[in-house]
Amino acid sequence: MAATPVAGTPALSIRDLHAWYGESHVLHGVELEVQKGEVVTLLGRNGAGRTSTLRAILGLTGERKGSIRLSGVETIHLATHRIAHLGVGYCPEERGIFASLSCEENLMLPPAIQGGDGGMSIDEIYAMFPNLKERRHSQGTRLSGGEQQMLAVARILRTGANLLLLDEISEGLAPVIVHALARMIRTLKAKGYTVVMVEQNFRFAAPLADRFYVMEHGRIVEHFAAGELEARMPVLNQLLGV
Amino acid sequence: MEIFGRPLPAMLSQLLLGLVNGSFYAILSLGLAVIFGLLNVINFAHGALFMLGAVLAWMGMEYLGVNYWLMLLLSPLIVGALGILIERVFLRHIYKLDHLYGLLLTLGITLVIEGVLRSFYGVSGLPYSPPDALAGATNLGFMVLPNYRAWVVVASLAVCFATWYVIERTKLGAYLRAGTENPRLVEAFGVNVPLMVTLTYGFGVALAAFAGVLAAPVIQVSPLMGQHLIIVVFAVVVIGGMGSIMGSILTGLGLGVIEGFTKVFYPEASSTVVFVIMAIVLVVRPAGLFGKEK
């Protein structure tokens, strides 16, 4: 799989992004660009700033400086709830399934993007994740880890969001579930979604991504396309200890 | 006829009184629980806003001749609007701080509201009679039922269950429940959480004002009427726990009834029984009867 940059405005363009949690300066000038329809993976050790980068895109960190453009629209000064309506779907590392909501209420919670094309229908989602249909009346947090992960991804497909930010979706899951998630990412890519993944599981991410960014100390330190992966392995081994 | 050596009509009338007080406890603790859930603020001003609801009903009648029924609608709207203002101007700035700051701030707001009304109306009580349609009593054969008190219980229960239904069974309620758990994530999904927070506070204090208007004909209307009630209501909230809407409603009603029966069997304890129960619950189940352990 080679990089297939689509002509036109990038889905996501980050320039010189700095972010803080309170006093602590966590991102130090992140530069990142994702074209529409691309699958991009952020690699790096724990604490390198990958999760913070995703959170900063949504304004979930503290103070932010620099530039984050979504399909050309500057969002650095926008309130979090407005950013979502520019077509961003966020799946947090801790999954964020609500205990006081049923599976189906969790699924239906994120409002449809204003002016979006509506996203996947509930039937399409249930066809993709039959378990969720079976368990739709169960309390959200009674679902298995794998089911919760599917729910966390499924609920952002319903809204019409085109840019999906997926944080460690394969973490702690059985191999059979990880395979199902990999299949899902391929399906989403075929449907034209743009995906930014944070992954610890290199073997999961490697065959899926078009391009890779490597982060360290709150900066992007390496950046290459899937085709160069083989050649970059020695550097990666050193940076990630994979 | 007697039960445990007490005449049945006395028991039934205390049961009704208990249900009336319990209705106020239920509406007020419900509002406190909803506000605490989403805002993380222990709204000490709840008693003052309950009182304001009652005083507004009196003022409507006294100055403008506006009747009870219209004030039952207007008073919560006015207090709700005031709540929205309080949230926007004051509370908004303290969400990230310790609970103590919210408690102190709302206590300050309480003192201001009560102080202003006290300087105008004193503390001796303002007369307010029930609407004509609900005056008098109905003889049920086994007891005489004061119509207005029956109305208080019915109206309170209707409002409590409507609130429960909206929160537990609708999409709007799902936003509220999710926002209570993880407001940042709900906002990341594109829900205008700050607006939801403002409206929730407005709604919670509007409930208090509604209870205030209901209480105006049965509790002496005075700038201090909220103080007496709010301390008991906080005990009710501690006993019920913060986790559950239905828990707040049932605990409120239940404790009102227990208080009523205590008046029959051991009147000396009637004003402390709620606090004794609170102490026991705190020892046995610190999170409250319906609360979730964290």
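Chain identifiers are assigned alphabetically (A, B, ...) following the order of the sequence lines, protein sequences preceding nucleic acid strands; residue numbering begins at 1 within each chain.
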For the backbone of B:G190 and the side chain of A:H85, can you confirm whether one donor and one acceptor N or O come within less than 3.5 Å of each other? yes
Answer yes or no: are there more than 12 heavy-atom neighbours, outside B:H93 itself, under 6.0 Å from its atom NE2? yes
Below 4.5 Å from any heavy atom of chain B, which atoms of A:L86 appear? Answer side chain, backbone, both or neither. neither
Which atoms of A:L58 come close to chain B, meaning under 4.5 Å heavy atom to heavy atom: side chain ones, backbone ones, both, or neither? side chain
Taking atom OH of A:Y21 as the centre, report whether more than 12 heavy atoms of other residues, nucleotides or ligands fall under 6.0 Å from it. yes
Side chains of A:T80 and B:R184, heavy atoms from C-beta outward: is any pair under 4.5 Å? yes
Side-chain contact test, heavy atoms from C-beta onward, threshold under 4.5 Å: evaluate it for A:L101 versus B:R177 and give yes or no. yes
Can you name the nearest heavy-atom pair linking A:L60 to B:A188, along with the distance? CD1-CB, 4.0 Å
Within a strict 4.5 Å, meaning less than it, do heavy atoms of the A:S100 and B:E168 side chains meet? no
For B:F275, look at atom CZ and say whether over 12 heavy atoms of other residues, nucleotides or ligands are found less than 6.0 Å away. yes
Heavy-atom closest contact (A:L109 atom, B:Y175 atom, distance): O-CE2, 3.1 Å
Over 12 non-hydrogen atoms of neighbours within 6.0 angstrom of CG in B:L172: no
Is A:R155 close to chain B through its backbone or its side chain, or both, or neither, when contacts mean heavy atoms under 4.5 Å? side chain
Does the side chain of A:T159 come within less than 4.5 Å of B:F189's, by heavy atoms? no
Under 4.5 Å from any heavy atom of chain B, what part of A:A112 do you find: side chain, backbone, both or neither? neither
Which region of A:I97, side chain (C-beta onward) or backbone (N, CA, C, O), has a non-hydrogen atom less than 4.5 Å from a non-hydrogen atom of chain B, or is it both or neither? backbone
Supply the atom-to-atom distance A:Y90 OH to B:L185 CG, rounded to the nearest 0.5 angstrom. 7.5 Å
What heavy-atom pair brings B:P194 and A:H81 nearest, and what distance separates the two atoms? CD-CD2, 4.3 Å
Side chain, backbone, both or neither: which part of A:P92 has a heavy atom under 4.5 Å from chain B? side chain
Show your reasoning for whether salt bridge (Lys or Arg N to Asp or Glu O under 4.0 Å) applies to A:E105 and B:K171. CA-CA 8 Å; A:E105 281 179 318; B:K171 185 72 190 271; over 6 Å; no
Hey, is CZ on A:R15 packed in by over 12 heavy atoms from elsewhere, all under 6.0 Å? yes
Neighbour count >12 (heavy atoms, 6.0 Å) for atom OH, A:Y126: yes
